[in-house]
Structures are given as C-alpha cells and as structure tokens.
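Structure first, then comments.
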Number of protein chains: 2
Amino acid sequence: MFEILFLHLLKKVSLSHEEQDIIKSFFIVKKLRKRQYLLQAGDVCKYLCFVEKGLLRSYNVDDKGIEHMNMFAWEGWWTSDMYSFFTGEKAVINIDAIEDTELLMITMEGFEKMTLIVPKMDRYFRILFQNSLITKERRLISSITHTAEEKYTNLVESNPTLVQRVPQNLIASYLGLAPETLSRIKKNIALRK
Amino acid sequence: MFEILFLHLLKKVSLSHEEQDIIKSFFIVKKLRKRQYLLQAGDVCKYLCFVEKGLLRSYNVDDKGIEHMNMFAWEGWWTSDMYSFFTGEKAVINIDAIEDTELLMITMEGFEKMTLIVPKMDRYFRILFQNSLITKERRLISSITHTAEEKYTNLVESNPTLVQRVPQNLIASYLGLAPETLSRIKKNIALRK
DNA sequence: AAACACACTTGATCCAGATCAAGTGACATT
DNA sequence: AATGTCACTTGATCTGGATCAAGTGTGTTT
C-alpha cells in the first residue's frame, strides 16, 4: 500500500526504516470509486493526499456553473486544496475520482508533527513544492503567452499519458478552451499531416 | 543589509545567532541600477535572489518579441528563474530592475550546503514555496476563469501597492492584456462610480 | 434490435479583447 | 519657448475562440 509513496520519498531524501515507520503511522488509507468526491468546494480540506493508484481531478466551478480544471493527479502525485488545507479556510476547489483510486492521506496536524519529528520531510516537501512551482510557472507563462493550439501541442509533448487517460472535454477545460475548440484544433493538426 | 532577510526568515523559523551567521556567510550583496539586467534569457541563472530594497520584474519574450510579465519582486521577495537555477539549464526568462535595487544572492551550491548545514532552511523554503504555490494556483485559476476586468479588480484588491508602484503597461502584460485594454477597463470602472 | 447516453464533431454566428493608428498631456532636454 | 519622449488614452477595425445548435458514432441498457 505504501510502495509508490516510499518510491517517491526515497528519490528525494534518504530515510531509515524507523523513520519510514513513523511516516507510515501518520497516513490514513482511503479508497474512492470513480465519480466519488474527495473534496467539495465549501468544505474545509482536511487532508493532503497522495495517489497510490488511480486518477483524480481537481477543478473549480465559476458563477455560471462552468467547471475549470485545475490539475490532474495520478500515481505518485499529491493533491488537495493547498490553501484550504494549510489555512483551515473553506475550499474553493472540488476534487473527485476519474478512475477508482487508492489514497494515502495525512491531516494538517499530522503533517506538522511529521515534519517536526522527521525534518527530512521538510526537505522532501521543499523539493516537491519547488518542482511544482517550476511546473506551475511554466503553465502560467504558457496560458498567457501561447495560442490555443500551442497550449495543446505543449501539453501533448510534456504529458502524453495524460492526454490518453483523460476525456477530451476535461483536457479542453484544463487548457482553458471550449471542448469544440479543442476538437477543431485536433482536426487541423491531423489535416496538416 | 540583512535586516529584511532575517525579518522574513524569523517569521517562519527560529534561528540561533550562530545559525544566522552561517546563513549570512552564503550570501553575496549586489546592487542594481534601474533598467539593469539581473538575468537575461539564454544565460544560466546562477543565483537565487532576495530583494532587500527596490523592485524587479521577471518576464519572458515570445517569438514575436512581445514581453510577458511573469512576476514582480520587491522588498521581502525572492526571485530567479527557478528552473534554470535548480537544473543549470539555460534561463527562458529575463529579470531586470524597475527601481534601483539591493539584493542578497546565493548560488545553487551555496543553497545546497546551507540547507544541509542548517536544515531549518529546508523548512523555511518548504513554507515559502508552499505559499508561492498557493498564490500561483490562484493566479492560474484566475487567468483561466475570469474576464479581463475581474482579473484587474482582483489584482487591485489583493495587491494595491503593486498597482501604484508599477507602470500600467507592465500591469497589463502581467494580466495578459493589451495596454489599451487595461486603459479602457480603468475608464469603465471610473465611469461606473 | 430499439432506445438511450456519452464523447466527440461540424457548422453558423457572435463577441471580448487584440491590433493598428492617432491623439493628449506632463515632464525633461536644448 | 520649442522639441522630444514617455505613459497613457481614444477610436476604428479585426479575429481567435466562445457559444449555440445539430449532427454522428459507439457502447450500454432494456
């Protein structure tokens, strides 16, 4: 159950067996069925979640009821509404399962304790957040700078698996496009070949 | 020279005088004149920089030569091309000074050593990156979800100082808008009052 | 096999914001 | 005082992508 988690932790920091056991003790295992919610906007996000198996989507819904995809999380990814998790304020995003999913979850209190007992976890999360920040930075630049087609081809290049695993309307939403637009873009790309 | 830095560090972690001295020893002081470059795209970003005084902008330039503002950094902010800094690859962004600026800079090797000698710095940067990530996440959602006017009013609310301190064309670029569009938006808002 | 749902496509029209092109007004330089 | 320059405004036009409204095709339920 903890295989993927430690695979990821050990890539970034070294941990004794004892430390590994301490870390394990802070996590709760949870399984989600396809379409089941992990978090609904308005609730407080109680857990930071690591995906051992499956696929989740996090998205927010605007005033007009339109869903805007935020990120996808599959094996080896962490997900939560970070803002809500760390501040205890109400979440603005929703998270639900696109596929049946197995999660490892930790509470904020657990997280705080864990980092104090095993300071290497501060290091792990420093590196993790650092990398996410780099990725987010690039995506932000891309969302402002590039055309719809460039955004799509960038995504396909940087994340080929995602495009295969996730329905096209969600990919469109992730890129900030109408589903029709993505459909036309794909057609144009195919025609040009 | 290190006042603002330690003000910020001590908000997030406690540090002995000894630790503070060690940290100081890793930093280089640098002054920049208005309009002077800190980093040009194509060079490797050698330093992670903390702004003690002044104001910097980081931006990238697209194929058509158009500048896209990425972020602003003033007193108490860190800046760099994180990707380039941590990987040693060529930078894609430019950083230059909007006002005369005083910086504290650390190299990647320095950063690595510092976190190993003073693990609390891992904690500091974990929290720093965590907060930046939350902010970036919000900005990304905003850039996809909101209209031009909503983006602007959001910025004014969340960052009133920035709007006063930075020329309007740079604000427009930061929001992904043409300068003319921002001008018209401001006019409309004023008219409605 | 008929009916339905789901994921995607195609076409016609519309609109927010970009682009191009002249202003305007407040300082700075000569 | 005239000239230049910088930051912004205003107007006219254009366009990428959204929106609305029918399809189509495949798999699933009855």
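Labels below follow one simple rule: chain letters A, B, ... track the order of the sequence lines, proteins then strands, and each chain is numbered from 1.
Per the geometry, CG belonging to B:N188 stands 12 Å off P belonging to C:dA16, to the nearest Å. Atom-to-atom, NE2 of A:H146 to P of D:dG16 comes out at 17 Å; the value is rounded to the nearest Å. Atom pair A:D62:CG and D:dA18:C1' shows a separation of 13 Å (rounding to whole Å applied). Here D:dA18 presents its P atom at 11 Å from CD1 of A:I66, a figure rounded to the nearest Å. In this entry the distance linking NZ of A:K186 with C1' of D:dG17 reads 18 Å, nearest Å. Going from atom CD1 of B:I98 over to atom C1' of D:dC6 covers 15 Å, rounded to whole Å. Distance, B:K151 NZ to C:dA16 P: 14 Å, rounded to whole Å. The nearest whole Å value for the distance from the CG atom in A:L182 to the C1' atom in D:dA18 is 14 Å.
The nucleotide whose nearest atom lies closest to any side-chain atom of B:L177 is, among C:dA18, D:dG17, D:dC8, C:dA18. Distances were taken from every side-chain heavy atom of B:N169 (C-beta onward) to each of D:dC8, D:dG17, C:dG17; the shortest belongs to D:dC8.
Neither OP1 nor OP2 of D:dG17 sits under 4.0 Å from any side-chain N or O of A:T181. When the side-chain nitrogen and oxygen atoms of A:Q168 are compared with OP1 and OP2 of C:dT9, one or more of them lie within a distance under 4.0 Å.
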Item to complete: Test A:E67 against A:R57 for salt bridge (charged side-chain N to carboxylate O under 4.0 Å, His left out), laying out the working first.
Response: CA-CA 11 Å; A:E67 293 180 0; A:R57 63 200 261 255; 2.5 Å; yes
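Among the atoms of the strands shown, base atoms are found under 4.0 Å from some heavy atom of A:A178.
No N or O donor and acceptor, one from the side chain of B:E180 and one from the base of D:dC8, sit under 3.5 Å apart. Not a single donor-acceptor contact under 3.5 angstrom links the side-chain atoms of A:R184 to the base of D:dG16.
The cationic group of A:R126 does not satisfy the cation-pi geometry with B:Y124, failing either the under 6.0 Å distance to the six-membered ring centre or the 45° limit from the ring axis. By the 6.0 Å and 45° rule, A:R139 stacks over the aromatic ring of A:Y174.
Both B:R35 and B:K187 lie near DNA chain D, and the one whose nearest nucleotide falls closer to the 5' end is B:R35.
Aromatic ring centroids of B:F85 and B:Y47 lie 6.0 Å or more apart.
Ring-plane geometry between B:F27 and B:W78 is classed as tilted, the angle between the planes lying from 30 to 60 degrees on a 0 to 90 degree scale.
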